Amino acid sequence: MSLSRLSPEVQEIKSKLDKFVLQRCQPAEIEYENHLKNRMGRDRWTLDAIPPCIERLKEEAKDLGLWNLFIPPHLTCGIPSEFLPSTVLSYREYGILCESMGKSFLTPEACNCNAPDTGNMEVLMHFGTPLQRERFLLPLLQGKIRSCFLMTEPDVASSDATNIETTLTRLEGPNGEISYRLNGSKWWSTGAMDPRCKVGFVLARMDYSLCPNIQLDARNLSAHRAHTVVIVDMKDVEMVRPLTVMGYDDAPQGHAHVKLNNILVTPQDLIIGEGSGFQVAQARLGPGRIHHCMRAVGMAVRCYDLMLERALSRQTFGSMLAEHGLCQAMIADSASDIEAARLLTLSCAEKMDMDGGARAARGMIAIIKVAIPNLALRVVDRALQIHGGAGFHEDLPLARILVGLRTLRVADGPDAVHQRSVALIELKKARKKLQSKL
Ligand SMILES: Cc1cc2nc3c(=O)[nH]c(=O)nc-3n(C[C@H](O)[C@H](O)[C@H](O)COP(=O)(O)OP(=O)(O)OC[C@H]3O[C@@H](n4cnc5c(N)ncnc54)[C@H](O)[C@@H]3O)c2cc1C
């Protein structure tokens, strides 16, 4: 990919980042895994379980100016300058850096650019009150705490978020003071098991059953105005169990099944206000998809590079693997898949830069959310194949990357839901075109 369209400042950040990934993050991966290896059960979710190398890498990333690179230009307002990168990046520029970050699973956290924290920080930058920003945004920007986003529920099909059943019951005291009780069950709460995770953002359905005076159309609220995002202190959340992802528990962050048992929250804990849940969830997800997709490209490139090395170093039936036509086809298809994935994502990022953010690029964001993990998965699958048995072993990152990419076809909404969105947008355009011809 030509970097000629990057400014000298961004090129400099990129070359520092590339070096940081290759020379600091990738070599630290073994140390990270070894630190967790002999810890069992609850010991995997304690402060002691957090590999010291990650704090070391965070300090190095800060010193190198690689910290908080995700903050987009329109959200810098009110952020103390010490938390902002020296150059605030466009979506396209940051996308290019995300490809580099994807080449080690340690880099996003090392640079404070990891999901779900970036999305939650963006919510606070967009909509947070001064108090919410002080309590949660500042420590998140410093990398002192972590956060999670609690939407998915075990008992309902959560890919249609209008199904969400966790309730936020509005209560009115004798003097009109308002508070809320939160009740429900969530799962796949990424990061909730992490002992550093102090704040959760919960999507809940409004419940006005204890407010008989409220006449509002509460009982027939539109499906997209019925939910609210509310902030909870994680010490009030009951951990039911850690979940595994095809056998990996992803400690010490993890993915949890949690319960919200009658948690008392105040109006100051709501994001924007009652009924704004979908607005918040939408604002949170758009930019995150560029980040996920470009990191997926980086993961694919790492596997592709391993595939090339392997093809050039093993022999079967009298020839190097690289000399067999079938192997060459895999290499060619992978090169093409990577370039297609990269260009699609960057084209989406450019649309967001030029047309005013995630809303304008809605269709393209849905397209890349489906296309990129699938393209990247094909590359990783071929790399695994060319490695034979070695590809499946933890000595190499291939199997773990395959699992991580596979989850992207479901996490943040399954492929089918985004394909539906793309089709609806395209059909709407086609209908309009047809009508204009009549
Ligand atoms: C590793 C991982 C991390 C995650 N992290 C988080 C997190 O941090 N926070 C959070 O809230 N959630 C998280 N999730 C949950 C994820 O976002 C949900 O699993 C996803 O949105 C789907 O919801 P569901 O599991 O309820 O599936 P369902 O809604 O039950 O859907 C199941 C399947 O139905 C099919 N389907 C649905 N709609 C259609 C349609 N219109 N047409 C055709 N087929 C359709 C699809 O194949 C879909 O996969 C995570 C999931 C994973 C695996």
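Numbers for residues simply follow the sequence, beginning at 1. Computed from a prediction, not measured in an experiment: that's the story for all the values here. Counting convention: from 1, in listed order, for ligands and their atoms alike.
Taking a 6.0 Å sphere around CZ of Arg382, one finds it holds more than 12 heavy atoms contributed by other residues, nucleotides or ligands. Heavy atoms from other residues, nucleotides or ligands lying under 6.0 Å from CD1 of Ile30 number 12 at most. No more than 12 heavy atoms of other residues, nucleotides or ligands lie within 6.0 Å of CZ in Arg362, so this atom counts as exposed by the packing criterion. Heavy atoms from other residues, nucleotides or ligands lying under 6.0 Å from CD of Gln385 number 12 at most.
At a 3.5 angstrom cut-off on N or O pairs, Phe149 counts as close to ligand 1. In terms of polar-atom proximity, Thr190 is counted as a contact of ligand 1, with an N or O under 3.5 Å from an N or O of the ligand. Remark: ligand 1 and Leu150 share no N or O pair separated by less than 3.5 Å (distance only, no angle test).
In this structure, Val156 is part of the shell of residues with a heavy atom less than 4.0 angstrom from ligand 1. The shortest separation from a heavy atom of Pro116 to ligand 1 is not under 4.0 Å, leaving the residue out of contact.
Taking CD of Gln419 as the start and NZ of Lys369 as the end, the distance is 10.5 Å to the nearest 0.5 Å. In this structure, CE in Met234 is found 10.0 Å from NZ in Lys198, a value given to the nearest 0.5 Å. Remark: Leu57 CG to Leu66 CG distance equals 11.0 Å, nearest 0.5 Å. To the nearest 0.5 Å, the span separating NZ on Lys62 from CD on Glu82 amounts to 11.0 Å.
Nearest protein heavy-atom neighbour of atom 19 (O) of ligand 1: Val410 CG1, 3.6 Å. Scanning the protein for heavy atoms near atom 26 (O) of ligand 1, the closest one is Ser158 N, 2.9 Å. With hydrogens left out, the protein atom closest to atom 44 (N) of ligand 1 is Ala416 CB, 3.4 Å, a heavy atom. Protein heavy atom closest to atom 38 (N) of ligand 1, with residue, atom name and distance, is Val417 CG2, 3.7 Å. Among all protein heavy atoms, the one lying closest to atom 29 (O) of ligand 1 is Ser159 OG, 2.5 Å. The nearest heavy-atom contact from the protein to atom 17 (O) of ligand 1 is Asp412 N, 3.2 Å. In terms of protein heavy-atom proximity, atom 7 (C) of ligand 1 is nearest to Trp188 O, 2.8 Å. If you check which protein heavy atom lies closest to atom 21 (O) of ligand 1, you get Gly413 N, 3.5 Å.
The proximity of Arg420 to ligand 1, defined as any non-hydrogen pair under 4.0 Å, is limited to the side chain. Here Leu203 has no heavy atoms under 4.0 Å from ligand 1, in either its backbone or its side chain. At a heavy-atom cutoff of 4.0 Å, ligand 1 is contacted by both the backbone and the side chain of Ala157.
Distances from atom 48 (C) of ligand 1 to the protein include at least one heavy-atom value under 4.0 Å. Atom 41 (N) of ligand 1 is approached by the protein to below 4.0 angstrom, counting heavy atoms only. In this structure, atom 13 (C) of ligand 1 has protein heavy atoms in its sub-4.0 angstrom surroundings. Distance screen at 4.0 Å: atom 32 (C) of ligand 1 has no protein heavy-atom neighbour inside the cut-off.
Judged by a 6.0 Å distance limit and a 45° cone about the ring axis, Arg225 is not positioned over the six-membered ring of Phe278.
Side-chain contact, Ser100 with Asp18: a donor N or O sits under 3.5 Å from an acceptor N or O.
Summarising the contacts of atom 16 (C) of ligand 1 with Asp415, Thr152, Asp250, the nearest heavy atom is found in Thr152.
Residue pairs meeting the side-chain hydrogen bond (donor to acceptor under 3.5 Å, both in side chains) criterion with at least one partner in residues 429-438, sequence neighbours excluded, are Glu426-Lys429.
Using a 4.5 Å heavy-atom cutoff, the side chains of Cys113 and Met101 are in contact.
Taking the six-membered ring for Trp and the full ring otherwise, the centers of Tyr94 and His291 sit less than 6.0 Å from each other.
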